[in-house]
Amino acid sequence: MKVSTDYAFLLSGALLAPSVHASTCQAPINHPGKPFSHVQPLNTTILTPYGSSPAVYPSPNITGVGGWDQALAKAKHWVSHLTLEEKTWMATGQPGPCVGNVLPIPRLNFTGLCLQNGPQCLQQGDYSSVFVSGVSAAASWDRDLLYTRGQAIAQEHKAKGTHVVLGPIGGPLGRSAYNGRTWEGFAADPYLTGVCMEETIRGIQNEGVQANAKHWVAYEQETQRNPTYAPDANATTYIQDSVSSNLDDRTMHEIYLWPFANALRARVASVMCSYNRINGSHACQNSYALNHLLKTELGFQGYVMSDWGATHSGVASIESGMDMTMPGGFTVYGELWTEGSYFGQNLTAAVRNGSVATTRLDDMIVRIMTPYFWLGQDDPAYPSVDASVGPLNIDSPPDTWLYDWQFTGEQNRDVRGNHSQLIRAHGAASTVLLKNERNALPLRKPRNIVIVGNDAGPMTQGASNQNDFEYGTLANAGGSGTCRFSFLSTPLEAITARARQDGALVQSWLNNTLITTSGLASLWNPQQPDVCLVFLKSWSEENEDRSSLELDWDGPAVVEAVARDCNNTVVVTHSAGINLLPFADHPNVTAILAAHYPGEESGNSLVDLLYGEVNPSAKLPYVIAYNASDYNAPVTTAVQTNGTYDWQSWFDEGLEVGYRYFDAHGLPVRYEFGFGLSYTTFTLSALHTTTPRTNLTALPAALPVQPGGNPALWETVYTLSAQVSNTGGVDGYAIPQLYVGFPDSAPAGTPPSQLRGFDKIWVPAGQTKTVTFDLARRDVSYWDVVAQDWRIPSGRFTFHAGFSSRDFHANVTATLIN
């Protein structure tokens, strides 16, 4: 494999700049000078510290390392029986019943591949469940929850005939508070997101379903994620290209690649390349990102598929490492080929004329088929595609299908099982208690309850696919992650049912405008309520970044109107994550809960918390600041010029993503990363080393690469333990966290502290438990841009243990490398 580089750029920390392959990359523009401006001005000087991407060829062949060798042998044998045309159509999506389809080959008893959206549910599924969202699962800080959630999602997908679940999501990570689809992913932290990715993938694939890690990589905004095309018949001419995520080598490795390394370590079957450009080159034809970082450095053994419509070339994308294009085209040509695809008949021609080597095409198909055999999807008992999913497919409805799809087995299968119980428990475990003054919660059989807000009640415009509707509780959001609800437990319904057990009076006002204009005192029963429950929401969706961090439908004004007259106001938010909470200091706002998007058991899971059936344990996977202006790295929402390549997003914040930025600059926050209250109290003490490792080398041993990278990076090199005590009167889960402060010898830009361990442990009231933190080599290393390797710095590390990024109860220092 050849990498074209300029050594001087390595010294600067560049992402292996500036030898650019003309077929895959455009020339970069200069750093614009105002790193956090929403509008990026054009400067045509191209001498930059980063912003371009080198050419790396050829695309590596699959080797079968990591336990895939037997499946690889089966795949190679199977592929040897294919014709050229069969190989090329396997790399080319076709319209059909699933959101993505690989055509059957009946003569080889291959029924095709069904790819379905599924980070929170089976999107095209009737009689299926809606689980807690990704951001909710991350807020649980619970490895077991993440695993069982992935497992249950896969069970429903498999029963409907899905082969590939399009999830989980490691990007967007959450660089910007305004990103429109961070709720589909997990946390604004690479370590926590990495754990979420790994556990979710294990849960999915242990059920025999392929997971798809997306979106590779540095995909951190929706605005201009796709090119703007000229209004011609073919829509092939760019007016302006998609936004380019421009970032340096160290930031790429320590922030954005980090969770994908976890995904590959979990042997993820496939990776989806993203819409954006990376340092000037489209992600799906960026040979450095795909051939070098993904397939070589991280040892990826599966296949790379495009996001839907993210393919912008044929030969260039193939040579750069992309193996499958989705969704394919829609025009009949000859037999099953599609004029609208860069692959299809064009790939057949490219192989015949020598533009693409047969060996490269074979590797593409072998990569596609190896996970199929590895997970046993060739078993004749593997469920067929449920015919009911086809009519629900808005991407390729039945009238666009070119192939005569045949369906067998039961139709309209009910795949829910008892998952509602699991979802209810997960919803409670994922809801963060942010404030609880005067012991407002748990509720103690209140007799007079007022329920306020348009987020409390049922969807008035249908809950099959939620949208930004005024009325109805928000348990899921928009885009490819949206869900069809078989049923939805609303807060109004669940609280009313619970209150009836106590003979309570329940009054509700769901019209936000009425509340803000009339006030509450003029509406309620003359008796002062025991508690006023206010439900607020914030919509978020794919293909559109958020324009505000405020809660929707005048949410803050609703709280002010209620709290003015009700001295026990409890606020519940359903949102994608970050919201400003200006009412948090109001003396009559006694409690706040962030429930995110909790899925179909939204109301029931909340009642379990409100009435104390479950003790809250969830923690924030992001920072809630005081002001919108406190956040760095807003999305690039406009450019001042109209050049083809003028959309540039400069990741000048480097490693200062999320809490790292606030800590590096000493900025106050309303609620920090990792924060969350309980109905009891915990302390942590006696942090000390249990198994120090001697004779550590600064650089890892050069072991043969496995999926996830050099296996030496995953070896435990340091272990600490601490004592966690429940000092309150209620049994509950504690979530102790470990943060690492690197020595002064680490390069400039290293954050003050970074999450490197956590656990969720049950501690009965009055008891003490031991928690252990095992640190891998990667956890105590930084990416050395000169050595192109992970290095443990010399000097003294500081280890902080506590219950959030700013609540450290115990510290210890140690030198790992002399």
Side-chain angles (χ1 to χ4, degrees), residues 136 139 427-453 455-456 473 491-492 494-496 498-499 502 504 506-509 515 520 524 528-538 551 555-575 577 579-596 598 602-620 624 669-672 675-682 728-730 732-733 803-804:
S136 293
S430 300
T431 298
V432 186
L433 179 62
L434 296 174
K435 182 179 182 180
N436 193 22
E437 300 291 334
R438 306 201 304 266
N439 293 317
L441 297 178
L443 300 177
R444 298 165 182 83
K445 296 185 178 182
R447 297 274 294 164
N448 187 352
I449 302 171
V450 168
I451 298 176
V452 175
D455 177 60
T473 195
L492 177 63
I495 294 167
T496 300
R498 178 61 178 81
D502 304 326
V506 178
Q507 304 172 81
S508 61
W509 288 273
I515 294 298
L520 194 62
W524 65 27
Q528 174 76 210
D530 295 318
V531 63
C532 299
L533 302 171
V534 181
F535 291 88
L536 309 178
K537 59 184 176 179
S538 178
L551 288 150
V558 171
V559 177
E560 292 292 337
V562 174
R564 182 174 58 245
D565 299 312
C566 182
N567 62 10
N568 187 20
T569 298
V570 174
V571 179
V572 179
T573 66
H574 289 116
S575 77
N579 291 115
L580 300 178
L581 304 175
F583 47 79
D585 295 326
H586 196 295
N588 285 346
V589 174
T590 54
I592 303 174
L593 298 106
H596 303 109
S602 175
N604 289 330
S605 62
L606 183 64
V607 163
D608 291 341
L609 288 175
L610 291 175
Y611 282 84
E613 299 297 327
V614 174
N615 188 354
S617 61
K619 307 290 183 181
L620 287 178
I624 297 179
V669 299
R670 189 178 292 281
Y671 299 115
E672 70 271 20
F675 174 81
L677 299 174
S678 169
Y679 293 152
T680 190
T681 54
F682 298 99
V730 182
Y733 283 103
F803 298 106
S804 78

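The structure presented is a predicted model; accordingly, all values stated were derived computationally and were not measured.
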Test log, rule side chain to side chain contact (heavy atoms under 4.5 Å, CB included), inputs V572 and V534
CA-CA 6 Å; V572 179; V534 181; over 6 Å; no
N/O donor-acceptor pair under 3.5 Å between [X] side chain and [Y] backbone:
X	Y	answer
Y679	L609	yes
R438	N436	no
S602	P598	no
K537	T573	no
T473	D455	yes

Under the rule for side chain to side chain donor-acceptor pair (under 3.5 Å), what residues qualify as partners of E672, not counting sequence neighbours?
S804
Side chains of [X] and [Y]: closer than 4.5 Å at any heavy-atom pair?
X	Y	value
F535	I495	yes
I624	F675	no
L434	L593	no
I515	V562	yes
V531	V450	no
L441	L610	yes

Please round to the nearest 0.5 Å and tell me the distance separating atom [atom1] of [X] and atom [atom2] of [Y].
X	Y	atom1	atom2	result
E437	L677	CD	CG	8.5 Å
I592	R670	CD1	CZ	7.5 Å
S575	L551	OG	CG	6.5 Å
N588	R564	CG	CZ	11.0 Å
E613	N604	CD	CG	12.0 Å
E560	T569	CD	OG1	9.5 Å

Taking all non-hydrogen atoms of both residues into account, name the closest pair between [X] and [Y] and its distance.
X	Y	value
G676	K619	O-NZ, 2.7 Å
A456	P491	O-CD, 3.3 Å
A618	A429	CB-O, 3.3 Å
V432	H596	CG2-CE1, 4.1 Å
Y611	D502	CE2-OD2, 3.9 Å
G732	N615	CA-ND2, 3.7 Å

Taking the six-membered ring for Trp, are F682 and F803 parallel (under 30°), tilted (30 to 60°) or perpendicular (over 60°)?
tilted
Taking CZ in R444 as the centre, count heavy atoms belonging to other residues, nucleotides or ligands within less than 6.0 Å. Is the count above 12?
yes
If we ignore angles and hydrogens, is there a donor and acceptor under 3.5 Å between the side chains of N568 and T590?
yes
So, N448 versus Q528: side-chain donor-acceptor pair below 3.5 Å or not?
no
Given I449 and L533, is the side chain to side chain contact (heavy atoms under 4.5 Å, CB included) satisfied, shown in steps?
CA-CA 8 Å; I449 302 171; L533 302 171; 4.0 Å; yes
